[in-house]
Student: 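My structure is below; once you've seen it, I'll send some questions.
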Amino acid sequence: MTSVDETTPSSTSSSSEVIDVTVHPLVLLSAADHYHRVARGTRKRAVGVLLGSSSRGRVDATNSFAVPFEEDSKNSEVFYLDHNFLENMLAMFRKVHVKERVVGFYSTGPQIRPNDLRIHSLVSRFVPAGTVTPPVFVIIDVRPNRESIPTTAYRVVEEVDSNVPSAGEGGGSVAEVRKSFAHVPSLIGAMEAEEVGVEHLLRDINDPTVSTVANLVKAKLSGLSTLTEKLVEMKDYLTAVSEGKMKPNSEIIANMQAIVNLLPNLNVEELVRSMLVKNNDMHMVIYLSALIRCVIALHDLVLNKIAYNDEVGDGFGEIDGKKVKSDADAGEEKKDEK
């Protein structure tokens with residue numbers, strides 16, 4: 001679902017509009033490593049440059065590198081970005097891969113900061129001349145408890161705000177062009193070589209003691225929790241629009257209407273009956289499976305008991321016989337001694 005920042009009016013489309021942003025696994029690994037090296041356990045964030053390609057509004061971020069970055073927590077207008085380091089890294093990357101160019105920058109967020117627009121303007125200087133697609137801003141959330149995909153992409157839009165008060169004596173308001181971030185869809189994509197590498201990494205990360213059923217249940221719970229977050233976000237947006245706190249966006253409302261139209265009508269009697277029959281069939285299979293497993297376990301227990309008795313015996317007759325025999329032997333030894 002496409003959305004815009006809450007503090008901005010609706011944006012207008014242009015020929016250089018970004019359709020979506022695809023982030024590759026190497027970018028995620030680099031950003032996570034960058035964060036754990038410089039900002040783990042603090043309130044700082046890590047900032048880096050995204051490299052890749054773009055075609056017809058689709059941005060493909062295949063690589064990235066970290067950039068020395070500092071910002072003042074008390075004064076949001078004070079920050080430091082090493083330009084010389086950025087230029088040297090770009091020159092070295094061009095020697096390795098000529099086709100990779102600057103497509104934007106990333107931040108570990110997890111929210112948009114006041115300096116992000118200024119960082120975007122600085123990174124835009126390193127975009128090759130003649131590039132149609134503007135640079136993008138991607139927030140990579142490195143928190144381990146995040147259920148949905150860890151990337152959120154934005155593009156910069158220019159809008160005219162006519163509610164800016166005039167500085168003259170007559171008062172009134174004047175029109176002013178303002179820049180703001182607008183949300184664009186983000187995807188996680190990988191090439192064949194990257195998929196093989198990710199599979200090898202997951203072999204060491206996955207816990208072999210966890211069963212497949214537990215993984216499936218965990219995935220279902222994760223999906224349901226993510227769906228709940230999205231529905232709450234939609235509800236909050238519609239509430240803010242109805243109360244006049246936000247301006248309505250026809251594109252967002254149209255997407256919501258399309259989502260609602262795709263939902264099934266649960267008030268149809270035939271659908272309710274089919275769902276109940278399906279549910280009962282699934283529970284019957286589970287019940288029969290539990291009974292069969294219980295019977296098989298009891299059968300194996302009985303077989304083990306029979307095998308044990310065949311090898312050891314009941315233990316009473318043989319012990320008594322051995323005791324009687326040992327008493328007789330002891331009596332004969334006493335007679336011999338006399």
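Numbers here simply count residues along the sequence, with the first being 1. No experiment lies behind these values; they were computed from the predicted model shown.
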Student: Is a donor from one side chain sitting under 3.5 angstrom from an acceptor on the other, for R101 and S54?
Tutor: yes

Student: Write down the atom of H120, the atom of P135, and the distance for their closest heavy-atom approach.
Tutor: NE2-O, 2.9 Å

Student: I'd like to know whether D116 forms a side-chain contact (heavy atoms from CB on, under 4.5 Å) with Y154, so could you lay out the CA-CA distance, the side-chain angles of the two residues, the decisive distance to 0.1 Å, and finally the verdict.
Tutor: CA-CA 11 Å; D116 289 335; Y154 299 91; over 6 Å; no

Student: Looking at every non-hydrogen atom in both residues, tell me the closest pair between V67 and D82 and how far apart they are.
Tutor: CG1-O, 4.1 Å

Student: Which pair of non-hydrogen atoms, one from F181 and one from I112, has the smallest distance, and what is that distance?
Tutor: CD1-CG2, 4.0 Å

Student: Is there a side-chain contact (heavy atoms from CB on, under 4.5 Å) between H24 and M191? Walk through the geometry before answering.
Tutor: CA-CA 8 Å; H24 287 247; M191 294 180 288; 4.2 Å; yes

Student: So that I can tick it off, tell me whether E17 and R155 are bridged by a salt bridge, with the cut-off set at under 4.0 angstrom between side-chain N and carboxylate O.
Tutor: yes

Student: Calculate, to the nearest 0.5 Å, the distance between atoms CD and CZ belonging to Q111 and R113 respectively.
Tutor: 8.5 Å

Student: Assess the side chains of Q257 and N261: does a donor N or O sit below 3.5 Å from an acceptor N or O?
Tutor: yes

Student: Please report the closest heavy-atom contact between S186 and T151, naming both atoms and the distance.
Tutor: OG-O, 3.1 Å

Student: How would you list all residue pairs meeting side-chain hydrogen bond (donor to acceptor under 3.5 Å, both in side chains) that involve residues 283-295, not counting sequence neighbours?
Tutor: N279-H283

Student: What's the separation between atom CG in D141 and atom CD1 in I149, rounded to the nearest 0.5 Å?
Tutor: 11.0 Å

Student: Within a strict 4.5 Å, meaning less than it, do heavy atoms of the E233 and Y237 side chains meet?
Tutor: no

Student: Where do G52 and T62 come nearest, in terms of heavy atoms and distance?
Tutor: CA-OG1, 3.7 Å

Student: Check whether T131 reaches the backbone of V127 with its side chain - one donor and one acceptor, N or O, closer than 3.5 Å.
Tutor: no

Student: Does the side chain of T108 come within less than 4.5 Å of I139's, by heavy atoms?
Tutor: no

Student: Do you know the tightest heavy-atom contact between Y35 and K44?
Tutor: CE1-O, 4.1 Å

Student: Exactly one of R45, R118, R43 should register a salt bridge (charged side-chain N to carboxylate O under 4.0 Å, His left out) with E71. Which one does?
Tutor: R45

Student: Tell me whether K74 is salt-bridged to D72, with the criterion being a basic N under 4.0 Å from an acidic carboxylate O.
Tutor: no

Student: Please identify which of these residues, I119, V136, L50, V138, meets the side-chain contact (heavy atoms from CB on, under 4.5 Å) condition with F105.
Tutor: I119

